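All values reported here derive from a predicted model rather than from experimental measurement.
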Amino acid sequence: MEIKAPLDIMQIQEIIPHRYPFLLIDKIEELELGKRAVGIKNVTVNEPFFQGHFPGFPVMPGVLIVEALAQVGAVAMLSMEEHQGKIGLFAGIDEFRFKDQVKPGDTLVLEVELTRVRGTVGKGHGRALVNGKVVAEGGLMFALTAGNKTHS
């Protein structure tokens, strides 16, 4: 299966296994298989995590920004023919920093560049931006494991 950007939500779900409420990307705008990807997350007040984080002061949890970046990186890796049908698991996070809050109405631009890949293990650098300003960035490590089926 040849995969090219842009990818809509239905195409993303064919590549990664995440589903609501844990699918945290809406679109992939740029994709270089096994190298980099740029995704979009439109953050709305209807996100389930805003009910408790925090009542009257909704802020997207930083760990979910990291997860959204990991999902974009997973699209870059799992789009490769040899990795299709696998699942990406977090292996670590390096020197991650949160520089600003993400609130309802923001559009997160999620950029991930894979910096080192050996077999089924790799590293990448992720940056999350709102209105061109970096709100979070750092290193991500992952391992791929066999999935039990395609994700459609």
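Between the side chain of Glu47 and the backbone N or O of Thr44, at least one donor-acceptor pair lies under 3.5 Å. Remark: the backbone N or O of Thr107 is not paired with any side-chain donor or acceptor of Asn42 at under 3.5 angstrom. Not a single donor-acceptor pair under 3.5 Å links the side chain of Gln101 to the backbone N or O of Val59.
Within the 4.5 Å cutoff, side-chain heavy atoms of Leu108 are placed close to those of Val43. For the pair Glu29/Pro6, no side-chain contact is recorded, criterion being any heavy-atom separation below 4.5 Å from C-beta on. Put simply, the side chain of Met77 reaches to within 4.5 Å of the side chain of Leu144, judged on heavy atoms. In this structure, Val38 and Val72 have side chains that are not in contact, with every pair of non-hydrogen atoms separated by 4.5 Å or more. Counting heavy atoms from C-beta outward, Leu78 and Lys86 have side chains that approach closer than 4.5 Å. Within the 4.5 Å cutoff, side-chain heavy atoms of Leu23 are placed close to those of Ile16. Proximity of Val109 to Lys41: side-chain heavy atoms (C-beta onward) are nowhere separated by under 4.5 Å. Side-chain contact check for Leu24 versus His18: every heavy-atom pair is 4.5 Å or farther apart.
In this structure, CZ on Phe50 lies 7.0 Å from CE on Met60, to the nearest 0.5 angstrom. The CZ atom of Phe54 sits 12.0 Å away from atom CZ of Phe49, with the distance rounded to the nearest 0.5 Å. Distance check: Glu14 CD to Gln84 CD gives 10.0 Å after rounding to the nearest 0.5 Å. Separating the CD1 atom in Ile9 from the CD atom in Gln11 is a distance of 10.0 Å, to the nearest 0.5 Å.
Of all non-hydrogen atoms in Leu33 and Ser79, the two that sit nearest each other are CD2-CB, 3.3 Å. Of all heavy-atom pairs spanning Ala136 and Phe98, the tightest one is CB-CD2, 3.7 Å. Scanning all heavy atoms of the two residues, the minimum distance from Phe142 to Lys123 falls at CE2-N, 3.8 Å. Of all heavy-atom pairs between Glu111 and Leu69, the closest is O-CD2, 3.7 Å. Looking at every heavy atom in both residues, Pro58 comes nearest to Gly56 through CD-C, 3.7 Å. Of all heavy-atom pairs between Ala91 and Ala143, the closest is CB-N, 4.3 Å.
Under a hydrophobic clustering in which Ile, Leu, Val, Met, Phe, Trp and Tyr are joined whenever their side-chain heavy atoms come within less than 4.5 Å, directly or via other members, Phe96 and Met141 fall into different clusters. Follow the hydrophobic side-chain contacts under 4.5 Å out from Leu140 and you never reach Val134; the two are in separate clusters. Both Leu129 and Ile40 are members of a single hydrophobic cluster when ILVMFWY side chains are connected at heavy-atom separations under 4.5 Å.
Applying the salt bridge (charged side-chain N to carboxylate O under 4.0 Å, His left out) definition to pairs two or more places apart or across chains, those involving residues 129-146 are Lys99-Glu137, Asp100-Lys133.
Contact check on Glu32 versus Lys4 returns no salt bridge, with no Lys/Arg side-chain nitrogen under 4.0 Å from an Asp/Glu carboxylate oxygen. Comment: Glu30 engages Arg36 in a salt bridge, judged by a side-chain N to carboxylate O separation of less than 4.0 angstrom.
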### Task
Apply ring pair (Phe, Tyr, Trp, His ring centres under 6.0 Å) to the pair Tyr20 and Phe22, showing each step before the final yes or no.
CA-CA 5 Å; Tyr20 178 84; Phe22 215 65; over 10 Å; no
### Task
Could you walk me through whether Ile65 and Val102 pass the side-chain contact (heavy atoms from CB on, under 4.5 Å) test, one step at a time?
CA-CA 9 Å; Ile65 297 170; Val102 176; 3.6 Å; yes
### Residues Thr145, Thr120; criterion side-chain contact (heavy atoms from CB on, under 4.5 Å); working and verdict
CA-CA 7 Å; Thr145 187; Thr120 59; over 6 Å; no
### Query
Passes side-chain contact (heavy atoms from CB on, under 4.5 Å), Asp26 versus Ile12? Steps please.
CA-CA 8 Å; Asp26 297 323; Ile12 291 168; over 6 Å; no
### Task
Show your working on side-chain contact (heavy atoms from CB on, under 4.5 Å) between Leu7 and Lys27 and close with a plain yes or no.
CA-CA 6 Å; Leu7 302 174; Lys27 182 178 180 182; over 6 Å; no
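Counting heavy-atom neighbours within 6.0 Å of Asp8 CG, excluding the residue itself, gives a total above 12. Atom CD of Glu82 is surrounded by more than 12 heavy atoms from other residues, nucleotides or ligands within 6.0 Å.
For the side chain to side chain contact (heavy atoms under 4.5 Å, CB included) test with Ile15, the passing option among Ile28, Val75, Leu31 is Val75; the others fail.
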